[in-house]
2 protein chains.
Amino acid sequence: MDAALALFSEKGFAATRMDEVAAKAGLSKGALYLYFPDKVALLKTLVQETAGSVIGAAALMMAAHEGPVSPLLPLILGFVAEKLETSNIAAVIKLVLSEGRAHPEIGKAYLENVIGRAFPLMEGLIARGVAGGEFRAVDAGMVVRSFIAPMLLAAFWKSTFEPLGAAPLSVRALAAHHADLIVRALKP
Amino acid sequence: MDAALALFSEKGFAATRMDEVAAKAGLSKGALYLYFPDKVALLKTLVQETAGSVIGAAALMMAAHEGPVSPLLPLILGFVAEKLETSNIAAVIKLVLSEGRAHPEIGKAYLENVIGRAFPLMEGLIARGVAGGEFRAVDAGMVVRSFIAPMLLAAFWKSTFEPLGAAPLSVRALAAHHADLIVRALKP
DNA sequence: TTTTAGTGACTGACTGGTTAGTCATTAAAA
DNA sequence: TTTTAATGACTAACCAGTCAGTCACTAAAA
């Protein structure tokens, strides 16, 4: 699956040959078909296993938190940034956004299980801050999009532009700087 | 080229058949090869023609502006948001980010001509605001990424998730709301 | 101990369907 | 008539998925 992720992210799903995946994994193509019924199943498994792990941890983080919301925002972005830098989740995000429409089952699953869970949780958090007088009256939905968007940019920077020779981006630094901007912008 | 863009964005470059592009354009495949030497040339032309038009207008906007920077920020985001909503540039962005690594010539051209031009211009703008005492002392590079990222999110929302049934996103509203957040966050 | 039987992960040549790009030919315009 | 535009059948290559067979290893039987 690591081999497949690297190749899918580099060349695109359709342009990646099963022979290549097998070779990179140190197997023959036949052996691949002992573990995955077909090519799409490989993609699907890949996305589901990776996506599931992160959302769970982040949800836990938000649910467990009590008291003022402001200190939680840099923690959330820091957590995501760390995942982006130390795992291959950036490649998975690129894969889902790139191939999600061509493989609706995968795209819809991500929309429902990841975005559909994470966005409402974060919106609730922002709304809590507003209700408690900690934040100005803002549109929680819009704030969540503003809040999370730089992590999307970072994912593509790492998986598309850095391999092309672009200057490396410190995702952690961006996360910290951005969280600070948002917290300031939300002050009453 | 409209036909090609729609299909490349929907199914991915490698999975799109030249016959389909031709059919959608109301031509035969042979006729397509009268205008484009091969499939990659079609993709390349597509990206270059679209990308060039927007960066030029935005650069003009920034270069022409004098006086305080704050009022310019919502104008820039509003301009980009309007392009995202009324043209098919969202699909081009998706295409570049998805296929840029597999076709380095395209990816690098975008990195140099679009990102490499737009980012320094915007950084200069932020730096000007800081120098003039209009903004706090911030990292201009980080601010630019925070500033532009929601437009990237919007591009993928429109080209990947809305076709899968996700709730439509008002890019203009997001742009306005986000510009307001950033301007507030930059206040000394 | 040696032989026989069995297992299952793995291989790689093969097939059938698919598709980028070509080109001889036709149709329309000048 | 000549030139330009367009067609669509064709080819050569490619690749997902298959399957008959290999081989290292285990365990029961002799």
Side-chain angles (χ1 to χ4, degrees), chain A residues 1-50 88 91-92 94-110, chain B residues 1-50 88 91-92 94-110:
Chain A
M1 278 174 34
D2 280 351
L5 177 56
L7 288 166
F8 289 167
S9 172
E10 180 185 336
K11 311 160 65 97
F13 175 72
T16 298
R17 312 292 137 228
M18 288 298 266
D19 272 314
E20 294 177 288
V21 176
K24 187 151 193 163
L27 282 175
S28 70
K29 188 163 63 159
L32 229 52
Y33 281 90
L34 295 175
Y35 299 105
F36 302 98
D38 56 33
K39 197 182 175 187
V40 174
L42 177 52
L43 175 62
K44 214 177 287 185
T45 309
L46 197 57
V47 170
Q48 279 164 2
E49 286 205 4
T50 316
N88 43 21
V92 173
K94 172 186 177 173
L95 217 48
V96 170
L97 295 180
S98 302
E99 312 283 354
R101 192 174 168 195
H103 303 276
E105 224 180 312
I106 293 169
K108 280 181 184 167
Y110 191 84
Chain B
M1 279 174 34
D2 279 351
L5 176 56
L7 289 166
F8 289 167
S9 171
E10 181 186 334
K11 310 159 65 96
F13 175 72
T16 299
R17 313 291 138 229
M18 288 298 266
D19 272 315
E20 292 176 289
V21 177
K24 188 151 191 164
L27 282 173
S28 68
K29 187 166 64 161
L32 228 52
Y33 280 90
L34 294 174
Y35 301 104
F36 302 98
D38 56 32
K39 196 182 175 187
V40 174
L42 176 53
L43 174 63
K44 215 177 287 184
T45 310
L46 195 58
V47 170
Q48 278 164 3
E49 285 205 3
T50 315
N88 42 22
V92 174
K94 172 186 176 173
L95 217 48
V96 170
L97 295 180
S98 302
E99 312 283 353
R101 191 173 169 196
H103 303 274
E105 225 180 312
I106 293 170
K108 280 182 185 165
Y110 190 85

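What you see is a predicted model; the values in this text were computed from it and never measured. First the proteins, then the strands, lettered A, B, ... as listed; each starts at 1.
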Next on the checklist: If I compare all heavy atoms of B:F8 with all of B:L43, which pair ends up nearest, and what's the gap?
Outcome noted: CD1-CD1, 4.0 Å
Checklist entry - In terms of the nearest nucleotide of DNA chain D, which residue is placed more toward the 5' end: A:V40 or B:G30? => result B:G30
Next on the checklist: Whether A:R17 contacts D:dC14 is assessed here as follows: a side-chain N or O lying under 4.0 Å from the phosphate OP1 or OP2. Is that the case?
Outcome noted: no
Next on the checklist: Between A:A15 and B:A31, which residue's closest nucleotide on DNA chain D lies nearer the 5′ terminus?
Outcome noted: B:A31
Item to check | Expected output: side-chain A:S9 to main-chain A:L5 donor-acceptor under 3.5 Å | outcome: no
Checklist outcome for this item: Of D:dT7, D:dG17, C:dG21, the nucleotide closest to the side chain of B:L34 is D:dT7
Checklist entry - How long is the line joining CG of A:L32 and P of C:dA9, in whole Å? => result 15 Å
Checklist entry - CG of A:D19 versus C1' of C:dT15: gap in Å, rounded? => result 14 Å
Item to check | Residue pair A:F13 / A:K39: nearest heavy atoms and the distance that separates them | outcome: O-NZ, 3.0 Å
Item to check | Nearest non-hydrogen partners of A:K24 and A:A6, listed with the distance | outcome: NZ-CB, 4.0 Å
Checklist entry - Out of D:dG17, C:dC10, D:dG8, which has the shortest distance to the side chain of A:Y35? => result C:dC10
Checklist outcome for this item: Out of D:dA16, D:dG8, C:dA20, minimum distance to the side chain of B:K29 belongs to C:dA20
Next on the checklist: Side chain of B:Y33, heavy atoms from C-beta onward: which of D:dG8, C:dA9, C:dT22 has the nearest atom to it?
Outcome noted: C:dT22
Next on the checklist: What contact category does B:L27 fall into here, base, sugar-phosphate, or nothing, at under 4.0 angstrom with non-hydrogen atoms?
Outcome noted: sugar-phosphate
Next on the checklist: Rounding to an integer number of Å, can you tell me how far A:L42 CG sits from D:dG17 P?
Outcome noted: 10 Å
Checklist entry - Which whole-number value in Å describes the distance from A:F13 CZ to D:dC15 P? => result 14 Å
Checklist entry - What's the NZ-C1' distance between A:K39 and D:dT18, to the nearest Å? => result 17 Å
